[in-house]
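Have a look at the structure below before the remarks.
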Amino acid sequence: MKLENGIQQPGFLLALRFLALVLWSFPGARALDNGLAMTPTMGWLHWERFMCNVDCQEEPDSCISEKLFMQMAELMDSDGWKDVGYEYLCIDDCWMAPKRDSKGRLQADPKRFPGGIQGLANYVHSKGLKLGIYADVGNKTCAGFPGSFGYYDIDAQTFADWGVDLLKFDGCHCDSMEHLENGYKHMSLALNRTGRSIVYSCEWPLYMWPFRKPNYTEIRQYCNHWRNFDDVYDSWQSIKNILDWTSSNQRRIIDVAGPGGWNDPDMLVIGNFGLSWDQQVTQMALWAIMAAPLLMSNDLRHISPQAKALLQDKDVIAINQDPLGKQGYRLRKEDNIEVWERPLSDLAWAVAMVNLQEIGGPRFYTISIASLGQGMACIPDCIITQLLPVKRKLGFYQWTSDLKIQINPTGTVLLRLAAN
């Protein structure tokens, strides 16, 4: 870079980079004080792929049962998932018996979970993994099983006694916003009182948005991550809807995210049926940019080597898990091309370019290096590495350079910009 007098000022440029580091490192809103989820949670969650299948007689391999979770735990341990960070094996709705026991405690369906949740937790822990479970703030779960309203303290202690490590707390069948808010707060405090480390995954803002704008500063004080928008489906339209909602509301939600508390755009559906290869790349890349929890919902017993490699990509996971903990955002949208970026530790940046055009072939897109990273990503120069769809070094670029990228329809190119 040259200033008006034509003299290069490397010291000035480096000072700008240092200032950027200071600004990005400034802490955001106060997080839930349980010391957990300092980076986004990674694991596996049953809902999108297996839903509420309770028919173990007709469909023994895909019903919600301890057999399913034990098989997934075995694969998470043996097939490299745990090694790259996928740690939490999470049960969603439909694990419960229809009624509580004589002491008012939740209980697992005895036929589908004959060893009980504590037995399953012991097995999961023996594999070096952690167990997540599901409950609901209201009178019933979304599928009609017993809710936690009026039982928050009992349920928190039950989960702790069983050895549960994460609670997904849904928001169905709640009769008022007051009960919803108070219930989420009560369960957060109850979990902490048990003395067990339990990640708290909320759906509080999702159920509040139709009535009023959520107070994210408050939500972050009680939850480790929180759902904002509709359930993900195994479809490109669903992924687009989530990205559209996130970018439309980014001014409200991104600054509150950080170590200990994260916006949750819902599960990864990579390795299923509804997304093309390029669309799977887009989901993985954008979930990394958004600092999203990486909770897969797929069948690890039947997953393609290509999908497995994408989900286990250590370079992309490193962006998602970056310790600076700043959520990325959409920088611009023009002519069906979106550019997203995320500040990383060590003054690096991640940049994702998405081609939303669904007709024609691959498109070229040219962007000024100086426009990236709030002008700070490449001062005075940087090395750019393409991580997705395939890893390759693009080389050395100066702040005054342009970058030309080819992007497949509905696909994404994910880049990492780092100091030379």
Side-chain angles (χ1 to χ4, degrees), residues 31-48 69 85-96 106 117 121 124 129-138 141-143 147-148 152 155-156 158-160 162-172 174 180-181 183-192 194 196-209 214 216 218-232 242 253 256-268 287 290-297 320-321 325 327:
L32 170 60
D33 187 21
N34 64 1
L36 302 174
M38 300 310 289
T39 59
T41 304
M42 295 178 62
W44 185 92
L45 178 63
H46 92 244
W47 184 258
E48 193 287 322
F69 292 98
Y86 293 98
E87 183 179 20
Y88 287 84
L89 176 66
C90 301
I91 307 169
D92 209 289
D93 204 349
C94 305
W95 63 270
M96 301 175 192
L106 292 172
I117 300 301
V124 169
L129 301 166
K130 294 179 178 178
L131 182 68
I133 206 164
Y134 170 100
D136 193 286
V137 71
T141 72
C142 296
S148 291
Y152 299 131
D155 289 353
T158 299
F159 297 146
W162 286 344
V164 165
D165 305 292
L166 178 149
L167 172 63
K168 176 181 176 179
F169 209 39
D170 214 335
C172 282
C174 203
L180 183 86
E181 290 185 284
Y184 274 106
K185 294 175 184 178
H186 193 148
M187 181 56 87
S188 178
L189 298 172
L191 291 171
N192 275 359
T194 68
R196 183 170 181 81
S197 295
I198 300 176
V199 172
Y200 187 37
S201 175
C202 301
E203 311 226 341
W204 180 350
L206 169 64
Y207 288 90
M208 183 166 283
W209 267 109
Y216 281 98
E218 181 178 51
I219 290 168
R220 179 178 167 83
Q221 293 172 6
Y222 290 95
C223 304
N224 291 120
H225 33 92
W226 47 86
R227 284 274 310 283
N228 295 307
F229 188 63
D230 297 346
D231 287 3
V232 69
I242 290 169
I253 67 171
V256 76
W262 311 96
N263 290 295
D264 181 3
D266 211 7
M267 295 161 274
L268 293 168
W287 264 236
M290 292 188 292
L294 299 182
L295 294 171
M296 306 176 289
S297 192
N320 175 266
Q321 297 286 295
Q327 180 172 336

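In this chain, residues are counted from 1 in sequence order.
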- Tell me, with the steps shown, if Arg227 and Asp266 meet side-chain contact (heavy atoms from CB on, under 4.5 Å). CA-CA 7 Å; Arg227 284 274 310 283; Asp266 211 7; 3.5 Å; yes
[X] side-chain N/O to [Y] backbone N/O, donor-acceptor pair under 3.5 Å:
| X | Y | result |
| --- | --- | --- |
| Asn228 | Pro265 | no |
| Arg196 | Phe159 | no |
| Gln321 | Pro40 | yes |
| Asn263 | Ile253 | yes |
| Asn224 | Ala37 | no |

- Find the distance between CH2 (Trp262) and CD (Gln327) and round it off to the nearest 0.5 Å. 8.5 Å
- If you round to the nearest 0.5 Å, how far is OG1 of Thr141 from CG of Asp92? 9.5 Å
Should the ring pair [X] and [Y] be called parallel, tilted or perpendicular, given that the plane angle runs from 0 to 90° and is split at 30 and 60?
| X | Y | answer |
| --- | --- | --- |
| Tyr152 | Phe169 | perpendicular |
| Phe69 | Trp44 | perpendicular |
| Tyr200 | Tyr184 | tilted |

- Query: Do Leu129 and Tyr88 have side-chain heavy atoms sitting under 4.5 Å apart?
  - Reply: no
- Query: Less than 4.5 Å apart, any side-chain heavy atom of Asn192 and any of Leu32?
  - Reply: yes
